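All ligand and atom numbering here is 1-based and tracks the order in the structure. Values in this document were obtained by computation on a predicted structure and should not be read as measured data.
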Amino acid sequence: MEVMMRKAATGGQRRPGGALLGAALLLLLGFFQAASSIHFEVKDENNKTCIMADLSINFSVEYETVSKKVIPALFLLSEKALVNKNSSTCGKENISAPLLAIQFGDQQLRMNFTRNGLRYQVAELVFIYDLSDKVLFPDASDNGTKEVSSQNTDISANNNSTYKCSNPHLIKMGKVNATFHNIKIEAFVTNNTYSLKETACSEDVTPTVAPTPAPITPKPTVLPTPLPPPSVGQYSVTGPSGMCILAKMGLQLNISYSKKDNKDDLYVFNIDPKDTHYNGTCQNASATLSLSSNKTNLEFQFALNTSTNQFYLARVTLNTTLPSEAKDPNVQVANGSLMYLKTTARKSYRCNAKQTLQITSNFSINTFELQVQAFDVVGEKFGSAVECQLDENGMLVPIVVGAALAGLVLIVLIAYLIGRKRSHAGYQTI
Ligand SMILES: *[C@@H]1O[C@H](CO)[C@@H](O)[C@H](O)[C@H]1NC(C)=O
Ligand SMILES: *[C@@H]1O[C@H](CO)[C@@H](O)[C@H](O)[C@H]1NC(C)=O
Ligand SMILES: *[C@@H]1O[C@H](CO)[C@@H](O)[C@H](O)[C@H]1NC(C)=O
Ligand SMILES: *[C@@H]1O[C@H](CO)[C@@H](O)[C@H](O)[C@H]1NC(C)=O
Ligand SMILES: *[C@@H]1O[C@H](CO)[C@@H](O)[C@H](O)[C@H]1NC(C)=O
Ligand SMILES: *[C@@H]1O[C@H](CO)[C@@H](O)[C@H](O)[C@H]1NC(C)=O
Ligand SMILES: *[C@@H]1O[C@H](CO)[C@@H](O)[C@H](O)[C@H]1NC(C)=O
Ligand SMILES: *[C@@H]1O[C@H](CO)[C@@H](O)[C@H](O)[C@H]1NC(C)=O
């Protein structure tokens with residue numbers, strides 16, 4: 001998980017590997033997760049079981065990093081979690097309530113059970129976590145122990161039955177979201193084992209009444225207001241031997257991502273030059289421009305092919321944070337096999353029209369009023385501009401229209417001249 005976390009810029013080349021490793025780790029975790037829930041049991045002094053639970057929990061804990069960013073730590077109930085025997089108890093009828101305390105690392109999850117009438121429930125869920133756990137909370141600004149709780153767990157079952165919930169069941173506790181899934185719980189166990197009778201959670205209950213056909217809701221007539229085009233920023237990078245990047249462009253990023261409910265969505269936003277810092281590096285055959293704002297780091301790397309004497313955009317790296325409904329809000333993507341904006345050295349590439357640079361299948365950049373030049377920027381000014389195809393196509397329309405108009409004028413003129421000659425001839429006959 002930590003490899004997916006946003007890190008300060010490190011060697012760009014290592015990122016795809018890290019992301020791949022992260023993806024592999026996540027897959028592996030997901031695999032184990034799907035394979036089994038973790039079993040817990042609380043017994044009394046006579047070895048009689050009073051609480052049984054099989055749990056899988058995904059935690060998402062928001063915390064602040066040293067760089068004052070609030071990010072979520074995402075982790076699962078660890079495979080190594082154990083019943084904390086000192087804190088757990090079967091309780092005493094009418095005196096104290098049964099409690100299941102689960103320990104994993106410095107983290108503790110407590111479930112307090114009560115019963116009234118014909119049902120029992122988790123009356124309170126408490127989660128205690130330690131921000132000094134640098135594996136779960138890298139770069140946390142605080143290193144204290146935090147305690148959050150909820151008395152609104154909605155985990156409740158009929159007396160003498162097993163509570164069962166396969167679908168995700170979210171319990172919010174302050175900055176902690178605990179998503180329980182594939183769980184079985186029973187408190188006040190009578191036979192040292194789960195009851196055969198089950199109480200399903202509301203998430204698992206499929207309505208038995210024939211589902212009324214979904215009303216045909218008219219498509220919302222208010223379309224999402226399209227984002228205005230981005231403001232055009234001016235950027236330059238200068239190295240020991242002069243300016244190596246000069247750029248003028250409006251940038252709009254388009255990222256597709258999965259939400260927590262597994263629906264796909266697009267996150268489209270503009271880079272605002274007013275809130276963007278930039279810097280970069282100049283090398284003989286590589287020049288980079290890094291743009292960073294509050295939550296986004298975007299890096300362009302240009303390469304120079306000395307044999308063809310052309311420069312091109314070779315690599316784009318993006319780090320950003322998605323809207324909070326994203327399954328994984330941290331985005332880290334890079335593609336180093338690009339060949340965009342290819343231009344002869346000492347010339348500039350210009351594209352006033354909106355142009356889309358597809359970086360990966362999930363990430364594209366829309367550029368507006370772009371003009372760039374990399375490597376030799378003689379006199380810190382753009383060299384002669386090479387227009388993009390889009391602009392040339394755009395120019396074709398006015399040319400065609402202009403030519404058509406000119407043709408029309410010519411026809412009218414000829415018609416007029418002929419007409420004049422005819423009428424002149426007419427006069428002569430009289
Ligand atoms: C829990 O996390 C795992 C691994 O990150 C993921 O595969 C799974 O879909 C998550 N489940 C829920 C219910 O969020
Ligand atoms: C409880 O059971 C464990 C093994 O399951 C056994 O080692 C222990 O002696 C038992 N304790 C009592 C009090 O019966
Ligand atoms: C729970 O149900 C059992 C029978 O199913 C009953 O004997 C017991 O009294 C009930 N307990 C409570 C607290 O209602
Ligand atoms: C973290 O804990 C150490 C030792 O307990 C303490 O010296 C340090 O000031 C703490 N740092 C923060 C950021 O709270
Ligand atoms: C964003 O990208 C998606 C495809 O991934 C595309 O359908 C959509 O039109 C794009 N939106 C903008 C504003 O570029
Ligand atoms: C970069 O170019 C300079 C001047 O042309 C040259 O002295 C230097 O060796 C080059 N560096 C590399 C790594 O090619
Ligand atoms: C430069 O371009 C040529 C021709 O496209 C290509 O064969 C060569 O591999 C390129 N060199 C580099 C360093 O990219
Ligand atoms: C990187 O860009 C190249 C060229 O556009 C494309 O073929 C390749 O699929 C991209 N790689 C990824 C990981 O998206």
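Counting heavy atoms under 4.0 Å from ligand 1, residue Leu76 touches it through the side chain alone.
Near Pro168, meaning under 4.0 Å from one of its heavy atoms, ligand 1 places the atoms 13 (C). Numbered from 1 in the order shown, with element, the atoms of ligand 7 that lie under 4.0 Å from a heavy atom of Ser307 read 1 (C).
In this structure, ligand 8 sits under 4.0 Å from heavy atoms belonging to Asn335, Ser337, Leu338, Tyr340, Ile359, Thr360.
Checking only distances, Thr179 never comes within under 3.5 Å of ligand 1, N or O to N or O.
Listed by first then second residue, pairs satisfying salt bridge (Lys or Arg N to Asp or Glu O under 4.0 Å) with a partner in residues 329-358 read Arg346-Asp376, Arg350-Glu387, not counting sequence neighbours.
For the side-chain contact (heavy atoms from CB on, under 4.5 Å) test, residues two or more places apart in sequence or in another chain that qualify with Leu170 are Lys172, Asn177, Thr179. Looking at residues two or more places apart in sequence or on another chain, you find a side-chain contact (heavy atoms from CB on, under 4.5 Å) between Ser96 and Lys92.
Counted by atom type alone, Ser364 and Thr356 present zero donor-acceptor pairs between their side chains at under 3.5 Å. With hydrogens and angles left out, the side-chain atoms of Glu299 and Ser290 include a donor and acceptor closer than 3.5 Å.
Ring centroids of Tyr63 and Tyr129 are separated by 6.0 Å or more, keeping the two rings apart.
Here the shortest heavy-atom pairing between Val377 and Cys244 reads CG2-C, 4.0 Å. In plain terms, the two heavy atoms of Gln371 and Phe382 that are nearest each other are O-CZ, 3.3 Å.
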